[in-house]
Every structure is written in structure tokens, then in C-alpha cells.
> 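Structure provided below as C-alpha cells; questions to follow.
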Amino acid sequence: MTPARPSPATRTGLVRAVAWTLGLLLAFAVVPAAVHPTAARADNPVVQHIYTADPAPLVHNGRVYLYTGHDEDGSTYFTMKDWRVWSTADMVNWTDHGSPLSLATFSWASSDAWAGQAVERNGRFYWYVPVKNRATGRMAIGVAVADSPTGPFRDALGRPLVENGEIDPTVFIDDDGQAYLYWGNPNLTYVRLNADMTSYSGSPTRIPLTTAGFGTRTGDPNRPTLYEEGPWVYKRNGLYYMVFAAKCCSEFIAYSTAPGPTGPWTYRGTVMPTQGSSFTNHPGIVDFKGNSYFFYHNGALPGGGGYTRSVAVERFSYNADGTIPTINMTSTGAPQVGTLNPYVRQEAETIAWGSGIETEPSGDGGMNIGWIENGDYTKVKGVAFGAGASSFTARVASATGGGTIEVRLDGPSGTVVGRCGVPNTGGWQTWTTVNCPINGATGTHDLALRFTGGSGYLLNMNWWQFAPAQP
Ligand SMILES: [Ca+2]
Ligand SMILES: [Ca+2]
């Protein structure tokens, strides 16, 4: 599908810079050398191979699906053309599901694939996004629908759902089944969605932006409250929460609560202070497997900043009275929940930390990793080998001389437990399966797949799987 291997020069520079930064950090890390010196501890940002922004998590069937925007490499404005989907079962190993929604999905949209949110209802997935309406030149809210959380999504209406020149939709379905769409900058508006999730009843209604409801901003007579944009509405223990980007610029994350979905709102203070070298931030909150998680974005990747952002996540606990504690950005991220099973097929694009790789839609189905050069690697965390693995299988393709997959425990410089050669297969999307013996992989370890070979691109990988040693 990409026979010419177009060189993502900026991206390659980015990931190389990540690797360099990690190397520098490791070089100066005060860690006993005997303790896996190359096991990178960082799990934030969630994605390393592209810039991501405006997180919207959704819990479905034992996974967190993360819907994000996508900042173009080297961007100097909010130049955004598509949205991305990622998912995880353990909060650290994230699977790249590619881009099932883009500006091209909306025939009436011209630009600005900005911050949206997806929700499930009756087995269908509805993704609300702001885009510029070509006909009016104003920002409008579109809705896309799919039968799977990873799409493909199609335009549900062929026109905007609502349009008032404002952005940042959040969607919430109350316990009684009534759904609400909230959005806006500089105003904050809601409308009651019908059960079909693609039409509404009544008129869009403005939420009064009072200082009691949304805090006091000083220095801007046009914006007397802290509310700026990016609302995220949900309900917990009977209390309604509206988390939002506050003040500008730089933004911080604040929140308000209310006894009902339409208010009255009471300002509750800061969730995340201004941090992280992006002048915007954007909240998303879910509970998953007994924990609460706060998603946000910053400029933490090399080359990162206000227009080249990255989504990150922290675990947190509500205070006993339901208030949200102050949450700080970390490079550590959320701890892993559970382990990864190496004895079932795992996608190559399931990654805790990647260096030098890219992803693309695969002719073999789903996504594959590619643009792999000598020394590039992927790492997954917490792989439960148990009594031991006997062999490793990988689905691979190569239009060049191929290379070697080094199977390493704990990190890209960790113990080699196997080496798999990958031959020329006749094309970047001409797939074959390679297999090699494994020795010494027992217990639970991080796993690095490190790629070695000559110059240029070596191979693509779609998936991998270990076989257990016979008892
Ligand atoms: Ca590369
Ligand atoms: Ca795959």
C-alpha cells in the first residue's frame, strides 16, 4: 500500500529525538546498573509516533477507547485533518486503530477537525465533532455513526447537527435515557438530543456563565468567568460534573458541579494547573476497572508545543465528598492494570512506548507498523510469560532485504531471548509468517521488539504471538 515508502522526514526526526531524549535521561538516571537500566519508565504521552490532541475516552466491553484529534507534524496552527482512535485493556499498552474519521467524511466540511467526543447507545457509536462548514464559513457540530467503536464512521446526517459558530461538543446520556449535547467557546450551550442521537428537541439553550457557576476571570471584560472551552460532562453518585478548559492563555483545567444536567452550576476549582508547554488543554474523564482516569494534552514530545500536542493520562481518586483532587502532569502516567497475554495474537501496533516506528492501514487487515530502521523498537509492558515461552511468531513483510527482530526482555537493551530473521517477501504488503525459538522468557516482563539490519527500511509487522513451552 506504500510501495514507495515515502519518507516521513519530520516524524523520523521526532522519534529519533524521543529516542535521544530517553537515552539522555537514562544516561543520567541514578539507577543501579543491575536494575534493567534501559527499562524506560515513561508511559506519557500515550502515543509517540504522531501528535495527538483533545482526548475523549470511552469505556466499552473491557477496554478504554480513546478518541483524539491529530496535530500535523511541524504545525504552526490548529491544522487538523483527521481524528484517531486508540484502545487499551490495561492503560499502558495502547493499540493504534488508525483514522476512521476525517474531514473527508463530511462532504460539507472544509477544515478544522477539532475536539470531539464519541458515545455508545444501543450498540452504535456516535462521534460528535466540530468542523468548519464550507457553505457558511462557520464552525458547526457534525455527528458520525458506526457499528463499532473503531469505525468506520460515516456522516449520519449529511449536514451539521447544530451550528452557531462554536466548538468542542461533549455528549452525556443521563440515567433516564435523556441525552444532552453541550458545546461552546465563548458561550456554553446545550441541547436535548433525541434517542436517535442525531436529532434534537427544543432549542439550543445557553447556560448562564455566572462567576458563581464558573469562577471569576480578571483582566478580560468580555470573559468574566473562567469558562473558556472544552466542556466534559458526566454524572457520578448523583452529582453532575462539568470539567472544562479555564482562562486563556495558557489554559488550566477547572470544574463545576450541579444537582441536574442543566444546572445550576457551582464552581469547584482547579483540576489541573497550567502545565506542560501547550497553551491549551482539554479534559476527558472515565472510570475503568475500579479506577478513575484523567486524560489531557500537553507538548511533551520533542517538537511539541501548542500546535503539536500529545495526549497523556493520570490515574486519580475522588475525595470522599466527591470533589476532584488537583492532578499534575507526569511522564510516568497511569499504572498498568493487569498483564498482557503473549500467547494470543497481539497487534504490532499495540505499544507502550515506540521509537522510530510509524503505523499505516495494512493490506493484511487492521494496521501494521512500518518505516522500521536499524535500532528502532517497540515496547509493551507487563507481558505474562508464566512458565515460559518456546517460540515467537510474527506476521511480517519486506520489499527490501528484511532484517532481524530481536526479542528482548525488560527493554530494548535487555536480555535477548530470541532472534527472528525476516526475508524479502516481495513487497511491503506481501505478508508472511516467521517463527523462531525462544529461551529464557518466564514470569512477567516488559517486552521489547528491537529491529536490526542494514540501512533503509527493513520490514513491516502486523502482529506477533508466542507459543508456551510444553509442561
Ligand atoms: Ca524509522
Ligand atoms: Ca496489526
Side-chain angles (χ1 to χ4, degrees), residues 1-2 4-23 47-51 63 65 73 84-89 93-100 148-152 301-303 340-342 344-380 383 392-406 412 420 422 425 427-434 447-466:
M1 298 182 75
T2 52
R5 297 275 90 183
S7 177
T10 307
R11 190 76 45 70
T12 304
L14 162 69
V15 289
R16 285 209 175 119
V18 172
W20 181 86
T21 303
L22 275 176
V47 176
Q48 302 84 44
H49 56 275
I50 63 169
Y51 294 114
R63 296 184 74 83
Y65 290 87
D73 289 359
R84 300 285 173 137
V85 183
W86 320 82
S87 76
T88 186
N93 297 308
W94 288 91
T95 303
D96 185 341
H97 297 287
S99 176
S148 148
T150 56
L301 279 186
L340 191 77
N341 181 356
V344 298
R345 169 174 162 161
Q346 296 289 350
E347 299 302 320
E349 64 275 17
T350 296
I351 298 168
W353 195 269
S355 177
I357 64 94
E358 307 284 340
T359 65
E360 64 184 344
S362 179
D364 207 29
M367 303 285 286
N368 63 255
I369 63 170
W371 289 269
I372 292 168
E373 294 153 287
N374 183 46
D376 291 348
Y377 69 88
T378 61
K379 192 189 76 171
V380 289
V383 179
F392 172 81
T393 298
R395 185 73 167 167
V396 292
S398 176
T400 58
T404 299
I405 306 167
E406 297 178 347
C420 253
V422 175
T425 63
W428 291 116
Q429 293 293 332
T430 303
W431 295 91
T432 193
T433 303
V434 296
L447 169 71
L449 302 177
R450 183 172 180 269
F451 308 99
T452 61
S455 60
Y457 298 124
L458 305 178
L459 59 104
N460 287 350
M461 187 186 301
N462 183 3
W463 53 263
W464 56 264
Q465 181 170 349
F466 288 82

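Remember, it's a predicted structure, so these values are computed and weren't measured experimentally. Remember, it's 1-based here, ligands and their atoms both numbered in the order they're listed. Reckoned from all heavy atoms, side chains included, excluding hydrogens, waters and symmetry mates.
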> Do you see a donor-acceptor pair shorter than 3.5 Å between the side chains of Q429 and W431?
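Judged by distance alone, the side chains do pair up.
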> Which single N/O/S atom of D376 lies at minimum distance from the Ca ion (ligand 1)?
OD2
> Can you check whether N462 reaches R345 side chain to side chain, under 4.5 Å on heavy atoms?
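With C-beta onward as the side chain, the pair touches.
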> I'd like to check E358 versus I369 (side-chain heavy atoms, cut-off strictly below 4.5 Å). Are they in contact?
no
> Would you mind reporting whether F451 and N374 have side-chain heavy atoms less than 4.5 Å apart?
no
> Could you enumerate the protein N, O or S atoms under 3.0 Å from the Ca ion (ligand 2), written like residue then atom name?
E347 OE1, E349 OE1, E349 OE2, M367 O, N462 O, N462 OD1
> Please examine the side chains of I405 and W464, heavy atoms only from C-beta on, and report whether any two atoms are closer than 4.5 Å.
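Not in contact.
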> Closer than 3.0 Å to the Ca ion (ligand 1): does that hold for any N, O or S atom in I357?
no
> Does I372 bring an N, O or S atom to within less than 3.0 Å of the Ca ion (ligand 1)?
no
> Are W86 and I351 side-chain neighbours, meaning at least one heavy-atom pair lies under 4.5 Å?
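SC-SC contact between W86 and I351 ruled out.
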> With carbon and hydrogen excluded and only N/O/S kept, which atom of E373 is nearest the Ca ion (ligand 1)?
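Checking each N, O and S atom of E373, the shortest distance to the Ca ion (ligand 1) belongs to OE1.
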> Any luck finding a side-chain donor-acceptor pair between T359 and D96 under 3.5 Å?
yes
> With side chains defined as the heavy atoms from C-beta onward, is the minimum distance between E360 and N368 less than 4.5 Å?
yes
